[in-house]
Amino acid sequence: QVQLVESGGGLVQPGGSLRLSCAASGTFFGTVDMGWYRQAPGKQRELVADISGGDTNYADSVKGRFTISSDNARKTVYLQMNSLKPEDTAVYYCNLRGIWPKTWNYWGQGTQVTVSS
């Protein structure tokens with residue numbers, strides 16, 4: 001199986017920045033899609049950003065503030081978060097998925113991001 005190790009979460013003041021990292025270990029084949037999700041208390045998990053085939057997609061709430069990127073050689077995906085707002089407070093989860101030899105989907109353990117003064 002694939003294991004995902006996340007880092008970079010923490011406490012930051014409004015307007016500050018954080019960079020989340022997610023490193024994948026294990027063996028997998030074919031192309032993979034990578035994304036970041038978040039879940040705030042009392043809310044459903046939502047897609048924040050993903051990257052697939054060089055194309056990126058962002059939730060409307062984070063467009064212009066967050067940037068997703070990847071380093072395929074290191075099998076790592078990043079989420080740069082700027083201009084953070086209190087409503088960005090959530091547990092952030094890394095997600096990797098592929099389709100070969102059959103569909104698969106793995107999640108990181110989650111990292112807490114708290115935006116508060």
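Residue numbers run from 1 in the order of the sequence given.
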Novice: Are Val77 and Trp104 connected in the hydrophobic side-chain network, where two residues link if heavy atoms are under 4.5 Å apart?
Specialist: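 As far as the 4.5 Å side-chain criterion goes, Trp104 and Val77 are connected within one cluster.
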Novice: Starting from the C-alpha separation in whole Å, work towards a yes-or-no answer on side chain to side chain contact (heavy atoms under 4.5 Å, CB included) for Met81 and Val113.
Specialist: CA-CA 10 Å; Met81 304 184 294; Val113 172; 3.9 Å; yes
Novice: Rounded at 0.5 Å granularity, tell me how far CG in Asp88 sits from CZ in Phe66.
Specialist: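 With rounding to 0.5 Å, CG (Asp88) is 4.0 Å from CZ (Phe66).
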Novice: For Ser69 versus Arg19, what's the shortest heavy-atom pair and its separation?
Specialist: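 Closest approach of Ser69 to Arg19, heavy atoms only: OG-NH2, 4.4 Å.
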Novice: Between Ser116 and Pro14, what is the shortest heavy-atom contact and its length?
Specialist: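 Scanning both residues, the minimum pair turns out to be C-CD, 3.6 Å.
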Novice: Applying the 4.5 Å side-chain criterion to the ILVMFWY set and letting contacts propagate, would Ile51 and Tyr92 be lumped into a single cluster?
Specialist: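 The answer is yes; both residues are in one hydrophobic cluster.
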Novice: Nearest 0.5 angstrom please: Asp50 CG to Thr56 OG1, how far?
Specialist: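 If we round to the nearest 0.5 Å, Asp50:CG and Thr56:OG1 are 8.0 Å apart.
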Novice: Identify whether Leu84 and Tyr78 are in the same connected component of the hydrophobic contact network (ILVMFWY, side-chain heavy atoms under 4.5 Å).
Specialist: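 No, it is not one cluster - the side chains of Leu84 and Tyr78 are not joined through contacts under 4.5 Å.
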Novice: Tell me whether the count of non-hydrogen atoms from other residues, nucleotides or ligands lying under 6.0 Å of CD in Gln44 goes above 12.
Specialist: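 Counting other residues, nucleotides and ligands, CD of Gln44 stays at 12 neighbours or fewer.
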Novice: Begin with the C-alpha distance, continue with both residues' side-chain angles, and end with the deciding distance and a verdict on side chain to side chain contact (heavy atoms under 4.5 Å, CB included) for Leu47 and Asn57.
Specialist: CA-CA 9 Å; Leu47 174 69; Asn57 180 56; 3.7 Å; yes
Novice: Cation-pi check, Arg97 to Tyr106: give yes when NZ or CZ is under 6.0 Å from the six-membered ring centre and within 45° of the ring axis, no otherwise.
Specialist: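 Verdict for Tyr106: no cation-pi partner in Arg97.
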Novice: Rounded to the nearest 0.5 Å, how far apart are CD1 of Ile68 and OG of Ser70?
Specialist: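 The CD1 atom of Ile68 sits 7.5 Å away from the OG atom of Ser70.
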Novice: Give, for atom OG of Ser52 and atom CE of Met34, the distance between the pair rounded to the nearest 0.5 Å.
Specialist: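 Atom-to-atom, Ser52:OG and Met34:CE are 8.5 Å apart.
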Novice: How long is the span from the OH atom in Tyr58 to the OG1 atom in Thr67, to the nearest 0.5 Å?
Specialist: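 Rounded to the nearest 0.5 Å, the OH-OG1 separation comes to 4.5 Å.
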Novice: Please report the interatomic distance CG(Leu96) to CG(Asp33), rounded to the nearest 0.5 Å.
Specialist: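 Taking CG in Leu96 and CG in Asp33, the distance rounds to 8.5 Å.
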Novice: Ignoring hydrogens and geometry beyond distance, is a side-chain donor-acceptor pair present between Asn82 and Ser17 at under 3.5 Å?
Specialist: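 A donor-acceptor contact under 3.5 Å links the two side chains.
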Novice: Using only heavy-atom distances, determine whether the side chains of Thr114 and Gln112 contain a donor-acceptor pair under 3.5 Å.
Specialist: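 Thr114 vs Gln112: donor-acceptor pair found between side chains.
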Novice: If you take all heavy atoms of Lys75 and Gly26, which pair is closest and at what distance?
Specialist: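 Of all heavy-atom pairs spanning Lys75 and Gly26, the closest is NZ-O, 3.0 Å.
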Novice: Flag this pair as yes if the NZ/CZ of Arg38 is under 6.0 angstrom from the six-membered ring centre of Tyr93 and inside a 45 degree cone about the axis; otherwise no.
Specialist: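 No, cation not above the ring by the 6.0 Å, 45° rule.
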Novice: Salt-bridge test for Asp60 and Lys63: reply yes if a basic N is under 4.0 Å from a carboxylate O, no otherwise.
Specialist: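 Yes.
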Novice: What are the two closest non-hydrogen atoms of Val2 and Ala24, and how far apart are they?
Specialist: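 Smallest interatomic distance, heavy atoms only, reads CG1-CB, 4.3 Å.
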Novice: With ring-ring contact (aromatic ring centres under 6.0 Å, His included) as the test, would you mind laying out the steps for Tyr37 and Trp107 before giving the verdict?
Specialist: CA-CA 10 Å; Tyr37 293 72; Trp107 294 89; 5.0 Å; yes
Novice: Using the side chain to side chain contact (heavy atoms under 4.5 Å, CB included) definition, which of the options Val5, Thr76, Leu79, Leu4 pairs with Cys94?
Specialist: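 For Cys94, the side chain to side chain contact (heavy atoms under 4.5 Å, CB included) test succeeds with only one of Val5, Thr76, Leu79, Leu4, which is Leu4.
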